[in-house]
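Keep in mind that the numbers below use all heavy atoms, side chains included, and drop hydrogens, waters and symmetry copies.
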Amino acid sequence: MDFVVLSQNAISITAKTIRLCGYVRDKDTNEPLPYTTVQSNGKGTVSDEQGFFELSLENASQMVLIRHIGHRTIRREARFFNTSDCGTVHMVMEQQKLPEIVLSHYLIRGMDKLDNGAFQLDFDRFSILPGLVEEDVLQSVQALPGILSIDETVSNINIRGGSNDQNLILWDNIKMYQSGHFFGLISMFNPQITQKVALQKNGTSVAFTDGVSGTIAMSTDKNINPVFQGSIGVNLIDANGFVDAPLGQNASMQVAARKAISDFFETPTYSEYFDRIAQDTEILVNDALVTNSDIGFDFYDASLRFLYRPSDRDFLRLNFIHTANELVFNESAEIGNNEEERESGLDQSSIAAGIYYERQWNDRFQTEIDVYNTDYTLRGINANVLQDQRFLQENLVSETGARFVAQNELYTNFILRSGYHFVETKVTNLDDVDDPIFRRLEGEVLRTHGVFSELDWASTDGNTSLNAGMRFNYLDKFDRQLWEPRLSFNHRFLEHFNVEVLGEFKHQNTSQIINFQNDFLGIERRRWQLSNDADIPVIQSRQGSLGLSYQESGWLVNAVGFYKEVDGITTQSQGFLDSFEFVRTSGKYDAFGVDFLLRKQLQKWNLWMSYGYLNSNYDFEGLSEMEFRSNFDITHSITSGITFSTASLNLALGANWRTGKPFTPPVTDNEVIDGEINYDSANSNELDDFLRLDFSAIYSTKIGKKTMLQTGVSVWNLLNRENLINTFFRVNPQEEAQQVLQESLGITPNASVKLLF
């Protein structure tokens, strides 16, 4: 006890505390381990960038827990630490093999390339990207070569010529069928509750299925946060909040939420976004006799994650996410001297939950099991006030999945991973007209079973890594078997060079189709559909790639050549707006090209330029033109940027340029025949080149001991360039071919204020 004399009659008696401090380092590399959690008796702290921590204890018999992802947990009494001096605490790597970073700071800080071929975005270390005032999961991945959005939305990301429905999007192993807010303009995944994102174009682990073009997997660290953390912020689109609260020594809970602020006031950013999604739709372009009014739009999302470590060998995670977009407006017209009014609306929502349990039985054997359920709903009510008619459309997806994985280290750096994967998917589509009465309800269910096994090997010097595996799939409804080999190989040689070989066979059972261009008010035209192994085949892909990189003295040069073939696509999933718009047939496409990156780091400066070349062509035997250029064939694309980063200030300026989207023009001087467009050769023309310049700035400052204020501004399309992203032709009342042009976002400013505590 400490005794302090306050006066002649008063003495203060306080419990004597022990100061525990130290530097946490990796036992093998002696590198500092930042963000290590140190806990004792309900109190805790986190180590800084140098691995330093400091914690006050009541007595030397208290139990201390030290945790860091990828390392064995240290659990011992305080008296066994060096409490008189801030010594070094060494942590031993777990036997579980984690992907190694082979190309660090690929574009910017927090964006790395791993030895399994994946790109990893770590938002805990993320600096800044041009045009983004806050991190956006799906906007950020578009900075990488070979990835772009042909219509500038996050809901239509094209990976090496593939359509968006060919991307597997996972949130903590839960498959998501919706990806965007504002019907695709911003990501619906809150980056504050999503610490890491892995993007894999090729060479995916056999533990995953679907995503014949690529996989975007979002995840969280497994560390239990010992201290209360949170943030609250607002920008010109939404208000957001985040809380990470410890629940005792072994558990924590994270909650994040966002909501559009358009209910309170309309910002220039909101107006630009709304005009972008509503252009050439019934909301803005209705019958001349019909007036639209009371247009309202809202979006929100809520995410919850619960982490629990009942022991050093067990880990449990629970997840929940709910997100929604809602649009309503009134259509009114004067009919028979009476004012008639009806409400139209569009709702898009997702709700999903998952549970994950991991058990480390011993130093060599580990098991994992995860179960999830995800439900997606797209519902539109189109009121025709002139004909007193209501058209209801619904697209529902309900999926349940369960996966078991066993991992055994056979020898040092030689791991066998095997498991079983079950997925049941139900898709329902409804079309309902009240006058005349018409109702069509279609529902399909498909169950798939997957058995997989793969070998992980790494050389003792860490220069070579290999992952090779095989996945067997059984589709019970079709009594069909599919074998899918996968390969990922990486080798470092001559100190600064890396060679990478990736390959995979994959399949998927769902795709997004377009029945009519005015489906769901023309805003969201795509509905999910299950394969029936007939006119909607099971999609299968085969692809391979070879890459070479050089990294030294801040320079990084990376070049990857690839080839991909995807069979089983349908014309309905490719977004045709020409003579093939209403044709229903299946076929395939192939794609080959090169992804290239050049990057240079200069102290606080970072400069990069990426280039993508793509050649992609369709092969549809059921069309009048069997082979022609793909709708997603962007031949040349360049992304460049420059960033400046200090401890408090981040600046970024970047440019995006690409050749135009292909389209089919009418025959010159003979555009219309018998009231129909007379089209020329398919995709024989292309839009003008696309060019966009973006800027962002983020400034952070401490306003208290544990409180930080972060402010930011950004400008999307700084030059206000009118970029065309799509075009099609329709016959006007004068029997002429009228061209419809769709433009990207104009100059779009944004600003944010966030308080972190």
Can you find a pair of side-chain heavy atoms, one from L129 and one from I108, that are under 4.5 Å apart? yes
Quick check for you: to the nearest 0.5 Å, what is the distance between N325 atom CG and F183 atom CZ? 5.0 Å
Kindly check if the number of other-residue, nucleotide or ligand heavy atoms within 6.0 Å of CD (E266) is above 12? yes
Between W555 and R599, is there a cation-pi geometry (under 6.0 Å to ring centre, at most 45° from the normal)? no
Minimal heavy-atom distance between P749 and L236, with the atoms involved, is O-CD1, 4.1 Å
Looking only at heavy atoms, what is the nearest atom pair of E504 and G203, with distance? OE1-N, 3.2 Å
Look at the side chain of H181 and the backbone N and O of T323, then say whether any donor-acceptor pair between them is shorter than 3.5 Å. no
Can you list the steps and then say if Y106 with F119 is a ring-ring contact (aromatic ring centres under 6.0 Å, His included)? CA-CA 9 Å; Y106 188 78; F119 295 91; 4.9 Å; yes
Pair D112 + R125, salt bridge at N-O below 4.0 Å: yes
V212 and Q543: which non-hydrogen atoms are nearest, and at how many Å? O-NE2, 3.5 Å
OG1-CG distance between T639 and L148, expressed to the nearest 0.5 angstrom: 8.0 Å
Could you check whether any side-chain heavy atom of F562 comes within less than 4.5 Å of a side-chain heavy atom of N202, counting everything from C-beta outward? no
For T29, does its backbone N or O pair with a side-chain atom of D26 as donor and acceptor, under 3.5 Å? yes
Do the side chain of E49 and the main chain of P32 share a donor and acceptor less than 3.5 angstrom apart? no
Please determine whether the number of non-hydrogen atoms from other residues, nucleotides or ligands lying under 6.0 Å from atom CD1 of I232 exceeds 12. no
Return the minimal non-hydrogen interatomic distance between Y273 and I237, and the atom names on each side. CD2-CD1, 3.9 Å
A side-chain contact here means heavy atoms from C-beta on lying under 4.5 Å apart; do D244 and F228 qualify? no
With a 4.5 Å heavy-atom cut-off, do F299 and I186 have their side chains touching? yes
From CA spacing to verdict: side-chain hydrogen bond (donor to acceptor under 3.5 Å, both in side chains), T220, Q195: CA-CA 5 Å; T220 179; Q195 282 84 23; 2.5 Å; yes
Atom CD of Q603: over 12 foreign heavy atoms under 6.0 Å: no
With no hydrogens and no angle check, do the side chains of N319 and D172 hold a donor and an acceptor under 3.5 Å apart? yes
K564 vs S213, side-chain hydrogen bond (donor to acceptor under 3.5 Å, both in side chains): CA-CA, chis, key distance, verdict: CA-CA 9 Å; K564 176 170 66 173; S213 274; 3.1 Å; yes
Assess whether a salt bridge exists between D210 and K175, defined as any Lys/Arg side-chain N lying under 4.0 Å from an Asp/Glu carboxylate O. yes
Determine yes or no for a side-chain-to-main-chain donor-acceptor pair under 3.5 angstrom, with S262 supplying the side chain and F297 the backbone. yes
Look up atom CZ in R317 and atom CD in Q254, then write down how far apart they are to the nearest 0.5 Å. 10.5 Å
For the atom pair CG (L132) and OG (S714), what is the distance rounded to the nearest 0.5 Å? 7.0 Å
Please check this pair: side chain of T153 against backbone of D151, looking for a donor-acceptor N/O pair closer than 3.5 Å. no
Mark yes or no for whether N167, through its side chain, and I157, through its backbone, hold a donor-acceptor pair below 3.5 Å. yes
Plane angle bin for H636 and Y611 - parallel if under 30°, tilted between 30 and 60°, otherwise perpendicular: parallel
Could you give me the CA-CA distance, side-chain angles and deciding distance for S231 and Q192, then say whether side-chain hydrogen bond (donor to acceptor under 3.5 Å, both in side chains) is met? CA-CA 9 Å; S231 68; Q192 296 173 95; 2.4 Å; yes
CG of N164 to CG of L138: how many Å apart, nearest 0.5 Å? 9.0 Å
N498 side chain vs S549 backbone, donor-acceptor pair below 3.5 Å: no
So, are R258 and D301 salt-bridged, with charged N and O less than 4.0 Å apart? yes
Are a donor atom and an acceptor atom from the side chains of S645 and N650 found within less than 3.5 Å of each other? yes
Among K201, K113, R492, whose salt bridge (charged side-chain N to carboxylate O under 4.0 Å, His left out) with E500 holds? K113
Closest heavy-atom contact between N750 and N235? OD1-CB, 3.8 Å
Where Y35 and D124 come nearest, the two heavy atoms and their spacing: OH-O, 4.2 Å
Option from E272, E152, Q139 for which side chain to side chain donor-acceptor pair (under 3.5 Å) with W716 holds: E152
Say whether, by atom type as modelled, one donor and one acceptor occur between the side chain of K600 and the main chain of S553 under 3.5 angstrom. yes
Trace of the ring-ring contact (aromatic ring centres under 6.0 Å, His included) decision for Y613 with F596: CA-CA 9 Å; Y613 169 77; F596 176 81; over 10 Å; no
I'd like to know if the side chain of N720 reaches the main chain of I747, judged simply by a donor and an acceptor atom lying under 3.5 Å from each other, with no hydrogens or angles considered. yes
Do the rings of H496 and Y550 sit parallel, tilted or perpendicular, given the 30° and 60° boundaries? perpendicular
Return the CD1 to CD1 distance between I150 and I634, rounded to the nearest 0.5 Å. 4.0 Å
Does a side-chain N-to-carboxylate-O contact under 4.0 Å join E686 and R629? yes
Any donor and acceptor pair, going by atom type alone, linking the side chain of T281 with main-chain N or O of A278 inside 3.5 Å? yes
Would S303 and N190 count as having a side-chain donor-acceptor pair, cut-off 3.5 Å? no
N-O pairing of D595 and R160 below 4.0 Å: yes
Any heavy-atom pair between the side chains of M218 and I169 that's under 4.5 Å? yes
Ion pair check, K259 and D298, cut-off under 4.0 Å: yes
